[in-house]
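The structure displayed is predicted, hence computed values, not measured ones.
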Amino acid sequence: MQQLQDILYGVALLEVQGNNNIKISNIIIDSRAAKPQSLFVAIKGIQTDGHQYIKAAIQKGATAIICENLPENLEEQIVYLKVKDSSNALSVVAKNFYQNPSASLQLIGITGTNGKSTIATLLYNLFNELGYCCGLISTIVYKVDQQTITATHTTPNILKLNQLLHKMVTAGCEYCFMEISSHAMAQGRTKGINFKGGVFTNITHDHLDYHLSFDNYLAAKKSFFDGLGNDAFAITNVDDKRGNVMLQNTKAKKYTYGLKNMADFKVKILENGLTGLLLKINNVELNTLLVGAFNAYNILAVYAVATLLQANEEEVLTKLSLLKAVEGRFEHLYDVENNIVGIIDYAHTPDALKNVLETIAELRTGNEKVISVIGAGGDRDKAKRPKMADITCALSDKVILTSDNPRSEEIKDIINDMMEGLSPIYKKKIVCINDRKEAIRMARYLAAPGDIIGIYGKGHEKYQEIKSVKYPFDDKQVLLETLKNFEA
């Protein structure tokens, strides 16, 4: 329980109705979560307006309301606090209620189109191996030390974020590694959060259904670095043509990493095979279990962050050599008896698919066929669908188009979008199977000894969303069931 007056410190109040000298038990933005002595913040969202639920929150026990428009009928014993922007007010009260937890952590944000989950998770695993208590906020999972919490968003809303960070501080965490999505930046989900450092991975076509233009998408990513303070560091991938643009206006100390251009942190690929990478990082050789050039970038970014956080370089390199692939990120399985390789990857953008398939091409040693299973998410950016299909066909011998998370769309319509504009030669490679499980089984049926089966788009996800219902589904488990002799 905290005093409302303390929670409101720093909030620009336009009007106060009622006595704000009361205690508050919790802060909510969903009226259904209200309980006695709740503070309800009415947010005007994309799909709904929280002002419509003020009465419902009060009926469940809320005693204080932050809103942009006061209700016509004010109830006695309720404190109404009018503000210009409820979202801004929420960021302040959340930080105050949870005692500004980000200020007590070394918080690192990772943003970009691809690589965020891998870098964040590898950093979490690395610092755990180095003996530190730390937290993780990623698309895959949230971690508070060793406690696992199911992830709901890549970057949770500002209220949930402060709550998670507070749990980390209470658990004794020193570090937190966090994915920063473009949606999060556009919606102000990190307002008031203190970051020790930030990493930019790359930027390619994605989420234009939400941002409407690539420039808007770029600006959302860049705004994260614009907001870093002069006591923070910012690391950018200098090989990405927009890498330096990201740091143009940042106050943070700037660093670069890359394979191709001059950089503060440099990596060279010496060997690349299915057993892993042999790298030279700043003139030191490193064996790693991760595969592919894109993972060379990810490992280098992890090394750079660890170095800037003053971790022991020798220990960092030793522990990096032992880290395994992140779940659903170029996770490969091997059927020993039939000599078939299976690869599970979250790739759901044209560039990510290109990276994965080009890596597979580099690993081919003879006449192996590459059989790819791919769909596209429903109710999302339609412009990338034909590009994804085109890239997959160009770099595969056989392609099975299937469902991903169709959500409210018809699977056949999504597949038709993917087929749009494909050359007749590519169309000859394609088999369309709406049921994703049957598509994976078909891939196995088509595979001969030595072939590679790639399943893309869902990676770590354990469900398939169809018509607003989430059904249990796991690409890896389906593949393991289909090929009984597979080994992780």
Atom pairs and distances, donor-acceptor, side-chain atoms in residues 313-322, under 3.5 Å, two or more places apart:
residue : atom : partner : partner atom : Å
Glu313  : OE2  : Tyr303  : OH           : 2.7
Thr318  : OG1  : Glu314  : O            : 2.9
Ser321  : OG   : Thr318  : O            : 2.5

Problem - Rounded distance (nearest 0.5 Å) linking atom CZ of Arg441 with atom CZ of Arg444 - result: 13.0 Å

Handout entry: Glu331 side chain to Gly328 backbone, donor-acceptor under 3.5 Å
Key = yes

Handout entry: Within-4.5 Å side-chain heavy-atom neighbours: Thr190 and Phe195
Key = yes

Handout entry: Nearest-0.5 Å distance, SG of residue Cys432 to CE of residue Met418
Key = 9.5 Å

Handout entry: Salt-bridge contact Asp379-Arg407 (side-chain N to carboxylate O under 4.0 Å)
Key = no

Problem - Side-chain H-bond candidate by donor/acceptor type, Asn128 with Asn125, under 3.5 Å - result: no

Practice task
Taking only Lys NZ, Arg NE, NH1 and NH2, and the carboxylate oxygens of Asp or Glu, determine whether Asp475 and Arg436 approach each other closer than 4.0 Å.
Solution key: yes

Practice task
Could you check if a side-chain atom of Val478 sits within less than 4.5 angstrom of a side-chain atom of Ile455, using non-hydrogen atoms only?
Solution key: no

Problem - Qualifying ring pair (Phe, Tyr, Trp, His ring centres under 6.0 Å) pairs with a residue from residues 242-301, counting only residues at least two apart or across chains - result: Phe294-Phe330

Handout entry: Distance in Å, Leu90 CG paired with Phe97 CZ, rounded so as to fall on 0.5 Å steps
Key = 12.0 Å

Handout entry: Minimum side-chain heavy-atom gap Leu300-Leu279 below 4.5 Å
Key = no

Exercise for the section: Please lay out, stage by stage, how Tyr175 and Leu123 fare under the test side-chain contact (heavy atoms from CB on, under 4.5 Å). Expected result: CA-CA 10 Å; Tyr175 300 92; Leu123 278 165; over 6 Å; no

Practice task
Evaluate the criterion side-chain contact (heavy atoms from CB on, under 4.5 Å) for residue pair Asn295 and Thr288; output intermediate values, then yes/no.
Solution key: CA-CA 10 Å; Asn295 270 322; Thr288 170; over 6 Å; no

Exercise for the section: Verify whether one side chain among Asn339 and Tyr334 offers a donor that lies under 3.5 Å from an acceptor in the other. Expected result: yes

Exercise for the section: Could you tell me whether the side chain of Val305 reaches within less than 4.5 Å of the side chain of Ile110, counting heavy atoms only? Expected result: no

Fill in the blank from the handout: Nearest heavy-atom contact between Pro101 and Val169 is O-CG2, 3.5 Å

Handout entry: Shortest non-hydrogen contact from Val199 toward Ala301
Key = CG1-CB, 4.2 Å

Handout entry: Main-chain N/O of Ala263 paired to Thr256 side chain as donor or acceptor, under 3.5 Å
Key = no

Practice task
Examine distances only and state if a side-chain atom of Thr118 and a backbone atom of Gly115 form a donor-acceptor pair shorter than 3.5 Å.
Solution key: no

Practice task
Output every pair passing side-chain hydrogen bond (donor to acceptor under 3.5 Å, both in side chains) with a member in residues 272-286, not counting sequence neighbours, ordered by first then second residue.
Solution key: Asn272-Glu362

Fill in the blank from the handout: Sorted by chain and number, sequence neighbours left out, side-chain hydrogen bond (donor to acceptor under 3.5 Å, both in side chains) with Gln99 holds for none

Problem - Atom pair CD1 (Ile108) and CG (Leu105), whose distance is rounded to the nearest 0.5 Å - result: 10.5 Å

Handout entry: Check: Gly459 main-chain N/O paired with Lys476 side-chain donor or acceptor under 3.5 Å
Key = no

Problem - Positive for side chain to side chain contact (heavy atoms under 4.5 Å, CB included) with Asn405, one of Gln464, His348, Arg380, Lys470 - result: Gln464

Practice task
Using modelled atom types only, decide if a donor and an acceptor are shared between the side chain of Lys429 and the backbone of Ser396 within a distance under 3.5 Å.
Solution key: yes

Exercise for the section: Mind checking the NZ-CG spacing from Lys253 to Leu247? Nearest 0.5 Å is all I need. Expected result: 14.0 Å

Exercise for the section: Could you pull out all residues at least two apart from Phe177 that satisfy ring-ring contact (aromatic ring centres under 6.0 Å, His included)? Expected result: Phe127

Handout entry: pair Asp145-Met168: side-chain heavy atoms closer than 4.5 Å
Key = no

Exercise for the section: Report yes if the side chains of Ile414 and Ser403 come closer than 4.5 Å at any heavy-atom pair, otherwise no. Expected result: no

Practice task
Begin from the C-alpha positions of Lys222 and Asn249 and carry the test side chain to side chain donor-acceptor pair (under 3.5 Å) through to its verdict.
Solution key: CA-CA 9 Å; Lys222 184 177 178 295; Asn249 304 110; 2.5 Å; yes

Practice task
Inspect the surroundings of NZ in Lys324 and state if more than 12 heavy atoms from other residues, nucleotides or ligands are less than 6.0 Å away.
Solution key: no

Exercise for the section: Looking only at non-hydrogen atoms, find the nearest pair between Leu165 and Ser102 and report the distance. Expected result: CD1-CB, 4.0 Å

Handout entry: Contact summary for Ala347 and Leu353, nearest pair of heavy atoms
Key = CB-N, 3.8 Å

Practice task
State whether a side-chain donor-acceptor pair under 3.5 Å links Asn355 with Asn114.
Solution key: no

Exercise for the section: In sequence, state the C-alpha distance, the side-chain angles, and the governing distance for Phe225 and Gln248, and then conclude on side-chain contact (heavy atoms from CB on, under 4.5 Å). Expected result: CA-CA 9 Å; Phe225 297 97; Gln248 279 179 346; over 6 Å; no

Would you be so kind as to tabulate the donor-acceptor pairs closer than 3.5 Å made by side chains of residues 231-238, with sequence neighbours excluded?
residue : atom : partner : partner atom : Å
Thr236  : OG1  : Gly243  : O            : 2.7
Asn237  : OD1  : Asp239  : N            : 3.0
Asn237  : ND2  : Thr201  : O            : 2.8

Problem - Side-chain (Lys251) to main-chain (Asp226) donor-acceptor, under 3.5 angstrom - result: no

Practice task
Could you check whether the rings of Tyr98 and His166 sit parallel, tilted or perpendicular, using 30° and 60° as the cut-offs?
Solution key: tilted

Handout entry: For the student: nearest non-hydrogen atoms of Glu174 and Tyr132, plus distance
Key = OE2-CD2, 3.6 Å

Practice task
Hey, could you give me the CG/CG distance between Leu401 and Leu422, rounded to the nearest 0.5 Å?
Solution key: 7.5 Å

Exercise for the section: Examine distances only and state if a side-chain atom of Lys458 and a backbone atom of Tyr456 form a donor-acceptor pair shorter than 3.5 Å. Expected result: no

Problem - Contact check, side chains of Ile140 and Val326, non-hydrogen atoms, under 4.5 Å - result: yes

Exercise for the section: Mark yes or no for whether Glu179, through its side chain, and Thr139, through its backbone, hold a donor-acceptor pair below 3.5 Å. Expected result: yes

Exercise for the section: Answer yes or no: is there a donor N or O on one side and an acceptor on the other, between the side chain of Asp451 and the main chain of Ile371, under 3.5 Å? Expected result: no

Exercise for the section: Examine distances only and state if a side-chain atom of Arg385 and a backbone atom of Gly377 form a donor-acceptor pair shorter than 3.5 Å. Expected result: yes

Exercise for the section: Kindly indicate whether the side chain of Ile415, heavy atoms from C-beta on, has any atom under 4.5 Å from the side chain of Asn434. Expected result: yes

Handout entry: Candidate pair Ile193 and Met178, rule side-chain contact (heavy atoms from CB on, under 4.5 Å), full reasoning
Key = CA-CA 12 Å; Ile193 301 297; Met178 173 181 170; 5.6 Å; no

Problem - Shortest non-hydrogen separation from Ile433 to Ala439 and the atoms involved - result: CG2-N, 3.8 Å

Exercise for the section: Look at atom CD of Glu420 and say whether more than 12 heavy atoms of other residues, nucleotides or ligands are closer to it than 6.0 Å. Expected result: no

